[in-house]
Structure formats: structure tokens, C-alpha cells
Protein chains: 2
Amino acid sequence: MPIDAFDRKILATLQDDARMPVAQVAERTALSATPVSRRIRKLEEDGVILGYQPVLDPRRLGLELSAYVLINLEAHRDGNIERFESAILDNDYVIACHAVTGDMDYLVHVVARDVEHLSQITLKSLLRIPGVRDVKSIIVLETVKPPRRLPLG
Amino acid sequence: MPIDAFDRKILATLQDDARMPVAQVAERTALSATPVSRRIRKLEEDGVILGYQPVLDPRRLGLELSAYVLINLEAHRDGNIERFESAILDNDYVIACHAVTGDMDYLVHVVARDVEHLSQITLKSLLRIPGVRDVKSIIVLETVKPPRRLPLG
DNA sequence: TATGAAATAATATAGTT
DNA sequence: AACTATATTATTTCATA
């Protein structure tokens with residue numbers, strides 16, 4: 001299951017538009033529709049393509065604010081970590097979370113309707129998870145490069 | 001162009017699988033295929049749906065490392081900002097970039113093949129952009145919650 | 001103004017070479 | 001892998017609420 005140049009071209013094209021008709025993907029790949037269709041299915045089966053997602057405009061959905069919250073846990077004892085991660089998974093406004101290096105333990109991506117809502121999420125939800133020692137919020141002012149595509153070169 | 005409960009249900013369903021057949025989306029929405037098809041097109045035209053993206057496994061593409069790099073610029077003079085943002089847009093391994101609040105100016109999301117590659121990107125590319133004063137790297141150790149869906153209330 | 005059912009058009013997939 | 005045939009899916013039309 002190695003990924004060759006055709007696969008990379010297909011993936012690059014799907015990153016432009018994941019719903020582009022197979023025939024059009026085929027054109028750009030210098031291949032016909034059949035092998036492109038089969039390759040896409042194989043990439044899905046092999047777990048290279050994990051799924052398909054619409055790119056939504058958060059503002060049009062009433063989510064005006066985006067923030068990255070760095071979180072520190074107290075000495076990792078008992079079920080500290082499990083409890084924290086479970087609370088994170090349960091919170092719909094936490095749209096991503098990573099365990100990270102550095103003086104903070106987690107980097108959490110939060111979306112919110114407005115400043116008050118963001119404050120409520122950090123103070124009432126995140127800071128109150130048992131075991132959480134400290135939170136530092138980094139608020140997004142402007143998006144210079146929207147998170148879209150992975151390099152395939 | 002207000003978004004009603006049907007639209008929200010459609011968007012939530014597409015967030016599960018953006019290539020789900022319209023008929024199936026219709027089932028889950030308690031609507032028939034025709035209005036679902038039209039609503040999706042309208043959501044696209046109105047800019048609520050900005051596009052469609054495959055979710056790729058970075059590891060299967062040889063990108064083992066992910067890092068968030070906080071960047072500080074020197075006193076914003078001349079074309080400092082423009083030059084920086086242009087360099088960011090040009091770098092394929094920078095997959096996202098935001099201007100942010102706090103003591104750092106930008107939060108940059110970087111992917112890399114390995115530690116050496118990441119070091120090369122931060123030291124040879126990012127730190128050498130004219131006007132960049134300081135960079136702090138936060139390396140992702142583990143993904144607790146993958147960045148997938150927006151809350152639709 | 002928006003829906004649902006049927007008809008048509010577009011697209012994807014399977015079979016064959 | 002490509003070409004052709006079949007199956008699946010999307011969209012348009014049209015009648016209706």
C-alpha cells in the first residue's frame with residue numbers, strides 16, 4: 001500500500017474540492033475515471049483518506065470567536081488525565097485538543113459565540129474540570145492562512 | 001438567508017460525512033431529496049459551506065510531526081507584516097496561521113516529516129523571515145480530540 | 001415560498017479486453 | 001489501465017400545499 005505520484009495528485013486535487021466528479025479528477029491526474037475511482041476507494045480503505053468534511057464558515061453559524069487555550073494539570077494522579085480528556089471530548093465548543101510539550105500540558109481549540117461565551121467556557125467549563133491548575137487563553141484576531149491542505153509534495 | 005433547524009440538521013449530517021448521498025441526508029433530516037439538494041446548494045451559494053475537504057491521515061503521508069509555533073515580530077514597521085504573511089502563505093508546511101492576542105503576535109500550525117525537518121522549518125524558514133524576533137515551538141505529542149466538527153447548537 | 005414524486009441528467013462503478 | 005455497459009445518485013420539472 002505505498003502511495004505513488006498518481007495517488008498524491010488525486011489527494012491534492014481532492015484537497016481543492018473533495019466533491020469534484022471523478023472524471024474531472026481523472027483529467028487532472030492524466031488518468032481515466034476507472035482507476036481514479038478505484039484508487040480513491042483504496043485510499044479510503046487503507047486509512048489515508050479518513051473521511052470527508054464540509055468547510056463551514058463559523059461566523060455564519062454564530063461563532064464569532066476562536067481561541068487557543070493552553071491548559072496545565074496538577075500532578076498527574078488518580079484519574080486526572082482520564083477525567084480531563086473525557087470532559088474535553090464532551091464539550092462541543094472544544095473543537096480540537098492536543099497533548100503538547102512545553103510548560104503547558106494541553107492545547108485546546110475553542111470556538112464561542114462572543115467574548116462572554118468564551119469567558120463562560122474557559123472559566124465555567126475548562127477551569128472547573130478537576131485537576132486543572134491553570135489556563136492561558138490566546139484569542140484569534142485574524143486568520144492569515146485558513147487550515148485547509150496538507151503538503152503532498 | 002437565515003439558517004433554520006433543517007439547515008442545521010443537514011450541516012450536522014454533512015459533518016459526519018460530506019459525501020453522503022442526498023437521499024440519505026434527506027432521511028436523517030425528515031425531508032425528501034429535492035429540498036435537501038436545493039438547501040445544500042443555497043448553503044454553498046450563501047457561503048455557509050465554503051467547500052469540501054478530505055480528512056487525510058498526516059502520518060500516512062510521511063508527516064509524523066505537528067507543532068504550533070508562536071511568533072513575535074519586531075516593531076511593526078515598513079512591510080514587516082506583509083512580508084511575514086506572504087512568507088507564511090508561501091510555505092506549504094505551514095498549514096494554518098492566525099494573528100493572536102497575548103505576548104506573541106502569530107500562532108502558526110506547522111507539519112513536518114520528523115524532528116530534523118521541523119527544526120529546519122522553524123530555524124531556516126520561519127526565524128529567518130525579516131522582522132521575526134522570536135519563535136516558541138509547542139510540539140504535539142498526542143491528539144486527544146481531532147479537529148473535525150463545529151457545534152451547530 | 002417551499003415541498004414531494006416522478007422523470008431526466010449526471011456521475012460512479014463493474015465487467016471486459 | 002481504458003473502454004463500454006450498468007447501476008447509483010443528483011437535479012430538474014411539475015403538481016401541490
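Chain letters run A, B, ... following the sequence lines, proteins first and then strands; every chain starts at 1. What you see is a predicted model, and the numbers here were worked out from it, not measured in a lab.
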Other cluster members, B:Leu89 - Ile/Leu/Val/Met/Phe/Trp/Tyr, side-chain contacts below 4.5 Å: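 B:Leu89 clusters with nothing; isolated.
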
Contact summary for B:Asp7 and B:Arg39, nearest pair of heavy atoms: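 So the two residues come closest at OD1-NH1, 3.0 Å.
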
Contacts of A:Glu85 that satisfy side-chain hydrogen bond (donor to acceptor under 3.5 Å, both in side chains) - sequence neighbours left out: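 Scan of A:Glu85 (side-chain hydrogen bond (donor to acceptor under 3.5 Å, both in side chains), adjacent residues dropped) gives A:Tyr106.
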
Non-neighbouring partners of A:Arg83 that pass side-chain hydrogen bond (donor to acceptor under 3.5 Å, both in side chains), sequence neighbours left out: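 A:Asn80.
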
Member of A:Val110, A:Val108, A:Leu107 meeting the side chain to side chain contact (heavy atoms under 4.5 Å, CB included) criterion with A:Tyr68: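 Of the listed options, the one satisfying the test is A:Leu107.
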
Over 12 foreign heavy atoms within 6.0 Å of CZ, A:Arg59: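 Result for CZ/A:Arg59: open.
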
Residues 116-130 of chain B, side-chain donor-acceptor partners within the protein, below 3.5 Å, at least two apart:
residue: B:His117; atom: ND1; partner: B:Arg113; partner atom: N; Å: 2.8
residue: B:Thr122; atom: OG1; partner: B:Leu118; partner atom: O; Å: 3.0
residue: B:Thr122; atom: OG1; partner: B:Ser119; partner atom: O; Å: 3.1

Those residues of residues 3-17 of chain B lying under 4.0 Å from DNA chain C by at least one heavy atom: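 Under 4.0 Å from DNA chain C: no residue of residues 3-17 of chain B.
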
Whole-Å distance separating the CG atom of B:Leu31 from the C1' atom of C:dT1: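 The distance from CG of B:Leu31 to C1' of C:dT1 comes to 14 Å, rounded to the nearest Å.
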
Nearest-angstrom distance from the residue atom CZ of B:Arg39 to P of C:dT1: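 These atoms are roughly 15 Å apart.
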
Where protein sits on nucleotides 11-17 of chain C, one letter per nucleotide: B base, S sugar-phosphate only, - none, heavy atoms under 4.0 Å: SSSBB--

Stepwise side-chain hydrogen bond (donor to acceptor under 3.5 Å, both in side chains) check, B:Tyr52 with B:Glu44: CA-CA 10 Å; B:Tyr52 300 92; B:Glu44 289 165 356; 2.6 Å; yes

